[in-house]
Amino acid sequence: SINPTVADIDITTGASSWLWAVFSIMVFTLLITLGWAFTVPPGQRTFHYLTIAILGTASVAYFSLAADLGATAIPVEFLHGDPIPRATRSIWYVRYIDWVITTPLLLLELLLVSGLPLSAIFGTIFADEVMIITGLVGALVPSTYKWGYFTFGNVAMFGVFYVLYGPGLASARRHGGEIQKTYVTGAAILSFLWFCYPISWGLCDGSNTISPAGEMVFYGVLDILAKPVFAMIHLFSMRKVDYAALRL
Ligand code: RET
């Protein structure tokens with residue numbers, strides 16, 4: 001453990017180096033997006049601004065993770081399936097502070113292209129917030145009640161997926177052309193990646209099956225794909241979309 005005051009089971013210095021690398025990726029792509037925003041007319045920067053907010057938040061979050069801050073010690077019952085009496089594991093609650101800000105913004109990037117009414121977009125963001133907050137509470141609960149919160153979170157996530165593949169897809173299809181293409185690509189990437197987060201939660205925050213170093217790799221790869229990679233693909237396909245058709 002590089003920070004012995006945190007918990008018995010904590011990250012290694014190797015995991016910390018990886019986290020500094022992810023931090024650098026977040027800052028680098030943030031700067032690229034900032035520069036890119038200046039090259040397009042002010043009326044067509046909505047998605048650049050959203051991306052800047054997402055990557056700025058992720059940069060601060062990864063700074064915290066790499067410095068081994070934003071965690072608290074939570075009692076765990078098992079390590080790799082074996083009982084361990086009175087041991088604690090670091091739970092990085094700072095992740096959830098990042099996600100409660102950035103996942104609604106990621107959904108906005110996608111849903112602002114769907115043509116759905118604002119009421120539907122707000123409803124989806126509400127379900128998203130339920131998903132993240134129940135995940136946070138579940139991670140902090142030491143008893144098996146944590147799996148109750150995990151269940152609520154998964155129900156909320158499937159609520160989000162329902163909107164993406166039900167009314168969202170129908171609305172994008174009505175618009176057709178580049179709007180439909182951009183929406184369908186974004187929805188497919190987003191839903192595939194988001195589906196992997198509860199798997200990581202179950203193996204890390206939930207059951208302590210994977211070590212914190214492994215957790216940093218699992219969530220880290222997902223975060224790189226779900227934030228900078230998703231946003232870059234989205235910004236590229238937005239170049240062909242007619243902004244006037246979006247009513248932004
Ligand atoms: C939790 C646990 C509770 C159940 C579910 C979860 C889903 C989390 C997701 C997070 C997405 C984060 C992203 C971050 C960006 O980099 C909270 C893990 C369903 C989908 C996209």
Side-chain angles (χ1 to χ4, degrees), residues 11 15-37 40 45-67 69-70 92-114 121 124-125 127-129 131-133 135-136 139 153 156-157 160-161 164 168 182-201 204-205 214-239:
I11 52 169
S16 178
S17 310
W18 155 251
L19 291 167
W20 285 118
V22 181
F23 166 72
S24 312
I25 292 172
M26 297 299 179
V27 174
F28 178 73
T29 48
L30 165 67
L31 296 175
I32 298 280
T33 314
L34 257 177
W36 188 354
V40 300
R45 291 181 187 163
T46 307
F47 297 90
H48 295 79
Y49 292 149
L50 284 170
T51 304
I52 289 164
I54 291 163
L55 296 176
T57 308
S59 301
V60 179
Y62 269 89
F63 176 86
S64 314
L65 293 174
L69 297 170
W92 283 269
Y93 57 80
V94 70
R95 264 187 220 301
Y96 301 87
I97 302 178
D98 168 332
W99 294 348
V100 84
I101 298 169
T102 56
T103 55
L105 298 176
L106 287 161
L107 281 176
L108 266 185
E109 286 226 12
L110 182 62
L111 291 175
L112 285 179
V113 188
S114 68
I121 296 181
T124 317
I125 287 178
D128 174 82
E129 283 167 348
M131 173 186 85
I132 301 299
I133 302 290
L136 168 64
M157 182 177 74
V160 172
F161 289 175
L164 299 194
T182 304
Y183 178 83
V184 169
T185 310
I189 299 174
L190 186 145
S191 55
F192 171 74
L193 293 173
W194 286 32
F195 186 78
C196 299
Y197 279 85
I199 298 174
S200 181
W201 191 101
C204 305
D205 317 53
E215 166 185 340
M216 293 308 175
V217 174
F218 200 147
Y219 278 133
V221 169
L222 285 177
D223 284 347
I224 293 169
L225 296 174
K227 287 194 181 99
V229 173
F230 170 81
M232 289 305 141
I233 292 173
H234 191 72
L235 284 176
F236 264 101
S237 39
M238 281 308 298
R239 291 190 310 171

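Taking CD1 of I233 as the start and CE of M238 as the end, the distance is 14.5 Å to the nearest 0.5 Å. Rounding to the nearest 0.5 angstrom, the gap separating the CE atom in M216 from the CH2 atom in W18 is 11.5 Å. Rounding to the nearest 0.5 angstrom, the gap separating the NE2 atom in H234 from the OG1 atom in T51 is 7.5 Å. L107 CG to T124 OG1: the interatomic distance, rounded to the nearest 0.5 Å, is 7.0 Å. To the nearest 0.5 Å, atoms CZ (F218) and CG (D223) are separated by 11.0 Å. From I132, atom CD1 reaches atom CG of L136 across 9.5 Å, with rounding to the nearest 0.5 Å.
Of all the heavy atoms in L30 and L55, the pair that sits closest is N-CD1, 3.7 Å. Across all non-hydrogen atoms, the minimal contact from I25 to P228 is CG2-CG, 4.3 Å. Contact between Y183 and S114 at its shortest, heavy atoms only, is CE1-CB, 3.5 Å. The minimum heavy-atom distance between S191 and A188, with the atom names listed, is OG-O, 3.3 Å. Residues M131 and A156 come closest through the heavy atom pair N-CB, 3.8 Å. Here the shortest heavy-atom pairing between R45 and A37 reads NE-O, 2.7 Å.
Using a 4.5 Å cut-off on side-chain heavy atoms (C-beta onward), L19 and I11 make contact. Side chains of L108 and I125 form a contact here, defined as non-hydrogen atoms less than 4.5 Å apart. The closest side-chain heavy-atom distance from Y96 to D205 is below 4.5 Å. The shortest distance between side-chain heavy atoms of L50 and L112 falls below 4.5 Å. Side-chain contact check for L111 versus L164: some heavy-atom pair is nearer than 4.5 Å. A heavy-atom distance below 4.5 Å is not found between the side chains of L225 and F230. Inter-residue side-chain proximity for T185 and S237 is flagged as unmet; no heavy-atom pair is nearer than 4.5 Å. In this structure, L69 and W92 have side chains that are not in contact, with every pair of non-hydrogen atoms separated by 4.5 Å or more.
In summary, the aromatic rings of W36 and F236 are positioned with their centroids under 6.0 Å apart.
Using modelled atom types, one side-chain atom of W201 and one backbone atom of G135 make a donor-acceptor pair closer than 3.5 Å. In this structure, T29 contributes its side chain and M26 its backbone to a donor-acceptor pair below 3.5 Å. Under the 3.5 Å distance criterion, the side-chain polar atoms of Y197 are left unmatched by any main-chain donor or acceptor of Y219.
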Going through the distances and angles, do W194 and T103 end up as a side chain to side chain contact (heavy atoms under 4.5 Å, CB included)?
CA-CA 10 Å; W194 286 32; T103 55; 3.6 Å; yes
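In the displayed structure, F63 atom CZ is contacted under 6.0 Å by at most 12 heavy atoms of other residues, nucleotides or ligands.
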